[in-house]
Amino acid sequence: MTMLSIYKWMVFVNAISFALLFSLTSLLDIKFDDTREYTETIKPFAPECILNLAFYEPIPVQYYEIDKWRIYLPGLAIDCALGAFQGLILGLNLLTSTKNCKTKNPSLLLPAINMFLYAGMCCSALLVHCIRDGGPFDEWSSSVLSVKFFVGMDIYCTTCVPAIMLLDTLSERRLFGAQQTRIILLCIFVLKAFAVIVAVQLESRWAGFVLHVVSMILYGCPIFSLAIIDAITEEQNTRKDESTTCLHSFPWLASATACLMFLAGPSAFFAVPLSKITSRAFDAHSGIFWGCRCGML
């Protein structure tokens with residue numbers, strides 16, 4: 001199966017899973033916990049003043065019970081599982097592919113690393129946000145060390161992805177040679193790890209917010225701007241030849257940007273009204289992760 005075919009299947013899966021954002025409560029026996037604080041698991045990623053802008057009223061937390069397991073935010077759990085699958089499949093395919101699309105840089109190493117990091121972020125997010133009670137997780141959820149580890153892993157994977165995306169974008173323009181790219185990549189891994197360790201150990205919510213959210217915005221703006229410019233200029237040359245068509249053509253980049261701007265963003269800042277409008281069916285976490293999953297394609 002070619003890379004383009006895999007991307008098309010992933011696009012199809014993401015499009016189908018969009019319906020789950022609004023229909024999960026009618027498909028499963030979803031219950032609501034009014035005693036649990038909705039922002040409990042996202043406090044390490046944002047200071048109180050930022051959270052109060054979006055979650056100014058209590059939102060009941062969705063959960064689904066399987067035997068002794070209680071899965072909080074089941075929509076988010078599905079998104080994390082699909083995201084981890086998407087990251088692993090595309091990452092492995094990028095590593096094993098010798099021919100992807102017509103790019104200036106033939107190396108697929110950086111995009112593959114990004115996909116694996118995205119899969120790691122989804123796996124850690126699943127444990128941080130969803131699976132905290134029941135079964136063997138009762139033990140680790142009460143352990144400060146284990147919670148810090150998965151929170152740190154979530155922040156680390158999330159903050160590395162946009163930095164490596166920007167490095168990949170710039171290396172395609174031959175701004176860096178192969179050796180320089182490897183050195184910069186190593187610096188990203190080491191410096192980001194140091195910053196995350198300091199932030200988690202100090203329990204600095206502002207540091208977590210900068211690493212987790214602000215960095216995505218700072219890196220994301222030049223990434224999408226340069227990618228869309230490239231897609232527009234190369235669209236006419238690559239549209240007719242599927243074997244050399246760049247996967248990130250303008251229509252898909254525009255759609256991915258729209259998902260991030262009009263779903264991931266509003267899901268966070270309009271969490272309360274969206275929950276009320278949909279009779280508590282819509283969950284902000286799911287909207288954010290669905291938008292990011294589309295953006296990662």
Side-chain angles (χ1 to χ4, degrees), residues 1-24 71 73-97 99-101 103 107-131 150 153-166 168-169 212 216 219-220 223-224 227 231 245-249 251-265 267 283-297:
M1 184 177 290
T2 65
M3 173 65 71
L4 191 59
S5 299
I6 292 176
Y7 264 83
K8 287 180 178 179
W9 274 107
M10 291 299 176
V11 171
F12 174 75
V13 170
N14 286 356
I16 294 298
S17 64
F18 177 76
L20 295 177
L21 295 177
F22 306 95
S23 61
L24 194 63
I71 301 175
L73 308 174
L76 174 60
I78 294 173
D79 276 315
C80 287
L82 290 175
F85 176 77
Q86 171 180 300
L88 287 173
I89 294 297
L90 293 179
L92 289 171
N93 193 272
L94 283 165
L95 280 181
T96 56
S97 293
K99 187 178 182 181
N100 172 328
C101 63
T103 58
S107 174
L108 301 177
L109 179 61
L110 294 179
I113 291 174
N114 257 343
M115 285 298 173
F116 290 134
L117 286 170
Y118 175 65
M121 184 269 287
C122 289
C123 291
S124 56
L126 180 66
L127 293 171
V128 170
H129 299 295
C130 305
I131 306 177
F150 287 109
M153 184 61 67
D154 191 344
I155 297 175
Y156 181 71
C157 292
T158 304
T159 193
C160 280
V161 165
I164 297 175
M165 276 186 177
L166 182 58
D168 184 31
T169 303
H212 198 264
M216 286 194 291
Y219 290 119
I223 290 170
F224 276 107
T245 298
C246 184
L247 299 174
H248 289 161
S249 59
W252 175 241
L253 278 171
S255 301
T257 306
C259 288
L260 292 170
M261 291 178 62
F262 301 114
L263 186 61
S267 292
D283 177 67
H285 285 80
S286 299
I288 294 170
F289 271 69
W290 187 88
C292 291
R293 179 153 47 88
C294 290
M296 279 301 296
L297 278 175

Separation between [atom1] of [X] and [atom2] of [Y], rounded to the nearest 0.5 Å:
X	Y	atom1	atom2	value
L126	C122	CG	SG	9.0 Å
F85	R293	CZ	CZ	11.5 Å
C130	L76	SG	CG	4.0 Å
D154	H129	CG	NE2	5.0 Å
M115	Q86	CE	CD	6.0 Å
L109	I164	CG	CD1	9.0 Å

Side-chain heavy-atom pair [X], [Y] within 4.5 angstrom cut-off:
X	Y	value
P111	D168	yes
C80	F289	yes
D79	H285	no

- request: Kindly give the heavy-atom pair with the smallest separation between V161 and Y118, and that separation in Å.
  value: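 For V161 versus Y118, the nearest heavy atoms are CG2-N, 4.1 Å.
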Inset, instruction - Please report the closest heavy-atom contact between S286 and G75, naming both atoms and the distance. - result: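 The answer is OG-C, 3.1 Å.
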Do any N or O atoms from the side chain of T159 and from the backbone of Y156 form a donor-acceptor pair under 3.5 angstrom?
no
